[in-house]
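Here the structure is laid out as structure tokens; the discussion comes afterwards.
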Amino acid sequence: MASLNVGNLGEYLREQRRAAQLSLRQLADATGVSNPYLSQIERGLRKPSADVLQQVAKALRISAETLYVRAGILDEREREELETRAVILADPSINERQKSVLLQIYDSFRRENGYAPAPGTEADAEVASDTKAGADAEAGSGAEAAPGTHAGPHVQAGPDADAGKDHDPHS
């Protein structure tokens, strides 16, 4: 994990607050965190919790993960993974089932390349590995699901992938 540099975090928060044209008192009101405590964070005298950073990030409309990295709570690679996940989850053009399958495949590729998913983000490992086995079988790689497991959701690509389904992009 990155080393803590509270002064750097405080300077960054001050810059972001000023860019948002908020006074310290306005930020305190928006976050529910006391004005003196926020002042101490900005001056590098206090180490805020992840919860406080999340409240501040929400009020400033910035990435909480960026604040976690600056506070030494989160590693840069973990932040990138979380941001990738956030983009997938926020995409209105795919449905919840598709998002889930895509995240499972993403986890599978990361494991294959030697990276473990960030703590608390991995879907059930068995489901993810079953999805990978199913995707390998679909790709014609010859891989089969292990005995006693199922191949996971049927993932099909191409123009006929959703033939017969309602094509409402907002579903």
Side-chain angles (χ1 to χ4, degrees), residues 1-13 15-16 19 41 44 46-163 165 169-171:
M1 185 155 37
S3 63
L4 179 65
N5 186 345
V6 179
N8 184 27
L9 170 67
E11 292 169 20
Y12 179 75
L13 285 176
E15 289 171 12
Q16 295 302 310
I41 293 169
R46 291 283 184 150
K47 175 185 173 186
S49 69
D51 290 337
V52 168
L53 290 174
Q54 186 173 26
Q55 292 168 289
V56 170
K58 185 176 180 182
L60 293 174
R61 296 184 177 155
I62 59 176
S63 164
E65 289 79 12
T66 299
L67 295 183
Y68 296 159
V69 169
R70 287 189 176 266
I73 296 172
L74 185 66
D75 183 82
E76 180 71 20
R77 282 178 287 167
E78 292 174 15
R79 179 188 67 86
E80 290 169 359
E81 179 186 353
L82 290 172
E83 287 179 351
T84 300
R85 291 175 174 285
V87 168
I88 291 169
L89 292 171
D91 188 338
S93 68
I94 58 177
N95 65 37
E96 294 305 311
R97 182 191 61 79
Q98 292 166 331
K99 291 175 186 180
S100 176
V101 170
L102 187 55
L103 289 172
Q104 290 171 359
I105 292 169
Y106 177 67
D107 285 341
S108 172
F109 284 143
R110 285 185 52 82
R111 275 193 305 279
E112 186 176 304
N113 292 331
Y115 294 96
T121 59
E122 182 179 16
D124 180 62
E126 182 177 329
V127 173
S129 65
D130 288 348
T131 302
K132 180 187 180 310
D136 286 346
E138 285 294 319
S141 67
E144 294 181 32
T149 64
H150 66 296
H154 182 71
V155 180
Q156 187 177 31
D160 296 328
D162 291 323
K165 290 186 180 176
H170 301 292
S171 62

Considering all heavy atoms, the nearest [X]-[Y] contact:
X	Y	answer
Ser63	Glu83	OG-OE2, 3.5 Å
Leu89	Lys99	O-NZ, 2.8 Å
Leu9	Pro48	CD2-CG, 3.7 Å

Got [X] and [Y] here, is their nearest side-chain heavy-atom distance under 4.5 Å?
X	Y	result
Ile62	Tyr12	yes
Glu81	Asp107	yes
Ile41	Val52	yes

Item checked: Residues in salt bridge (Lys or Arg N to Asp or Glu O under 4.0 Å) contact with Lys58, at least two apart in sequence or another chain ->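 Scan of Lys58 (salt bridge (Lys or Arg N to Asp or Glu O under 4.0 Å), adjacent residues dropped) gives none.
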
Notebook entry, point to check: How would you list, by chain and number, every residue that makes a salt bridge (Lys or Arg N to Asp or Glu O under 4.0 Å) with Glu15, sequence neighbours excluded?
Noted result: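 If we apply the salt bridge (Lys or Arg N to Asp or Glu O under 4.0 Å) test to Glu15, skipping adjacent residues, there are no hits.
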
Could you measure the distance from the [atom1] atom of [X] to the [atom2] atom of [Y]? Nearest 0.5 Å is fine.
X	Y	atom1	atom2	value
Arg70	Gln16	CZ	CD	8.0 Å
Glu112	Ser108	CD	OG	6.0 Å
Arg97	Leu102	CZ	CG	11.0 Å
Arg110	Thr84	CZ	OG1	8.0 Å

Item checked: Worked verdict on Gln98 versus Asn95 for side-chain contact (heavy atoms from CB on, under 4.5 Å) -> CA-CA 5 Å; Gln98 292 166 331; Asn95 65 37; 3.2 Å; yes

Item checked: Donor + acceptor pair across side chains of Ser49, Asp51 (<3.5 Å) ->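 Side-chain D/A pair, Ser49 to Asp51: absent.
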
Next item on the list: With side-chain contact (heavy atoms from CB on, under 4.5 Å) as the test, would you mind laying out the steps for Leu67 and Leu13 before giving the verdict?
Entry: CA-CA 8 Å; Leu67 295 183; Leu13 285 176; 3.6 Å; yes

